[in-house]
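Read the structure below first, then the notes.
Start at 1 and go down the list; that is how both ligands and their atoms are numbered. Only a predicted model underlies this, so the values are computations on that prediction, with no experimental measurement involved.
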Amino acid sequence: MPSGLTTVRTVADLRTHLAPWRKASESIALVPTMGALHAGHLSLVTLAKSKADRVVVSIFVNPIQFGPCEDFNTYPRDEAGDIEKLGEAGADLVFVPDTAEMYPGGFSTKVSIGDLTEDLCGANRPNHFDGVATVVTKLLLQCAPDMAIFGEKDYQQLLVIKHLVRDLNIPVEILGGEIVRENDGLALSSRNAYLSPSERETAPLLHQTISEVAASLVRGEGADAACVAGRFKLEAAGFRVDYVAVRDPDTLKPLSGPVKRARVLAAAYLGKTRLIDNVPVLPTSQ
Ligand code: AMP
């Protein structure tokens with residue numbers, strides 16, 4: 001393997017490896033993931049390398065962010081493949097804790113963020129963002145990085161984490177990485193592996209549809225009508241739609257009527273697979 005990548009599995013070992021870097025005043029970036037790594041994750045590693053001296057990637061499929069009927073047990077896992085990819089991408093350290101390391105017996109603390117987590121994905125996945133906020137808080141305290149990188153693919157999650165870091169005064173800079181897509185526009189996701197061949201053919205319509213919603217907003221059409229049109233289009237193609245929404249890009253507050261700066265977000269099922277995506281509404285796309 002062409003790398004200086006080290007794997008650690010305990011918080012104690014993580015801290016042992018971080019200490020000399022900190023002593024040498026090297027900056028540290030953390031990229032939290034759930035593994036099954038693809039080019040989207042690796043783009044965050046590349047961004048991290050461009051910003052910091054050292055890059056730490058965590059791989060942990062976090063049980064407390066999955067609902068009881070969700071895919072925790074079947075979530076794709078490929079630790080050996082992930083470690084090989086991270087070595088090639090130039091990460092320095094990969095932290096792969098098991099569930100007992102993250103949630104030892106008697107664990108009972110929950111980080112819960114109001115407001116921002118109550119709708120969009122939060123409405124359809126109760127407790128999901130509490131699970132995310134709790135594990136990310138732990139990872140930030142375990143690693144104490146100078147910066148942590150999250151993908152815009154999970155746009156609501158990115159804002160939730162910026163919010164929690166601000167509220168709890170955690171001394172870390174949160175950076176967002178752009179969404180990496182397949183050639184046909186489908187956002188890369190570990191869950192794309194669940195799609196059947198025919199669902200895979202339909203899946204790019206999600207990105208196409210929210211891009212059309214964004215384009216109609218740029219033309220001055222109202223947000224509500226654009227979202228309804230987007231939802232109809234997805235449903236006609238066989239998606240079961242959770243939401244198509246136009247939101248303020250910083251607060252995720254709903255926007256209606258003609259809008260200027262905004263984010264179009266959508267979540268929809270194809271069969272059993274829940275896909276999410278989002279695009280910016282930018283004056284420059286006029
Ligand atoms: P996950 O392993 O799905 O929890 O994702 C780990 C990180 O990778 C999160 O910050 C995601 O937003 C980010 N990510 C996932 N897919 C993509 C993508 N297609 N492009 C950019 N970042 C992504």
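- Annotation: atom 5 (O) of ligand 1 to nearest protein heavy atom, H41 NE2, 3.4 Å.
- Under the 6.0 Å distance and 45° angle rule, R9 does not count as a cation-pi partner of F60.
- With respect to atom 13 (C) of ligand 1, the closest heavy atom belonging to the protein is L44 CD1, 3.6 Å.
- Using a non-hydrogen distance threshold of 4.0 Å, P32 registers as a contact of ligand 1.
- Contact atoms of ligand 1 toward I179: 20 (N), 21 (C) (distance under 4.0 Å to a heavy atom of the residue).
- The existence of a salt bridge linking D250 and R263 is excluded, since no basic side-chain nitrogen approaches an acidic carboxylate oxygen closer than 4.0 Å.
- Considering only heavy atoms from C-beta on, V279 stays 4.5 Å or farther from L265 through its side chain.
- In terms of polar-atom proximity, M34 is counted as a contact of ligand 1, with an N or O under 3.5 Å from an N or O of the ligand.
- Remark: ligand 1 and G151 share an N or O pair separated by less than 3.5 Å (distance only, no angle test).
- Looking only at protein heavy atoms, the nearest one to atom 3 (O) of ligand 1 is Y75 OH, 3.8 Å.
- Look at D277 and K153 and you find no salt bridge, because none of the NZ, NE, NH1 or NH2 atoms lies under 4.0 Å from a carboxylate O.
- For atom 14 (N) of ligand 1, the closest non-hydrogen atom on the protein side is K153 CB, 4.2 Å.
- Using a 3.5 Å distance cut-off with no hydrogens or angles, the side chains of D13 and T16 do not pair a donor with an acceptor.
- Taking a 6.0 Å sphere around NZ of K233, one finds it holds more than 12 heavy atoms contributed by other residues, nucleotides or ligands.
- Taking every heavy atom of F150 and a limit of under 4.0 angstrom, the matching atoms of ligand 1 come to 10 (O).
- Within the structure, ligand 1 has H38 among the residues with a heavy atom less than 4.0 angstrom away.
- Looking only at distances, no side-chain donor or acceptor of D146 sits under 3.5 Å from a matching main-chain atom of V172.
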Query - salt bridge (charged side-chain N to carboxylate O under 4.0 Å, His left out) assessment of R231 paired with E235 - result: CA-CA 6 Å; R231 173 181 278 270; E235 285 174 349; 3.3 Å; yes
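- Note: no N/O pair closer than 3.5 Å links S43 and ligand 1 by distance alone.
- Across R181, E178, Q157, heavy-atom proximity to atom 21 (C) of ligand 1 is greatest for E178.
- Residue contact check: L188 has heavy atoms under 4.0 Å from atoms 16 (N), 17 (C), 18 (C), 19 (N) of ligand 1.
- By heavy-atom distance, the residue among D154, V136, I149 lying nearest atom 12 (O) of ligand 1 is D154.
- Residue-environment remark: CD (E178) stays at or below the threshold of 12 foreign heavy atoms within 6.0 Å.
- Annotation: F107, atom CZ; neighbour count of heavy atoms from other residues, nucleotides and ligands within 6.0 Å is above 12.
- Counting protein heavy atoms only, atom 20 (N) of ligand 1 is closest to V180 N, 2.9 Å.
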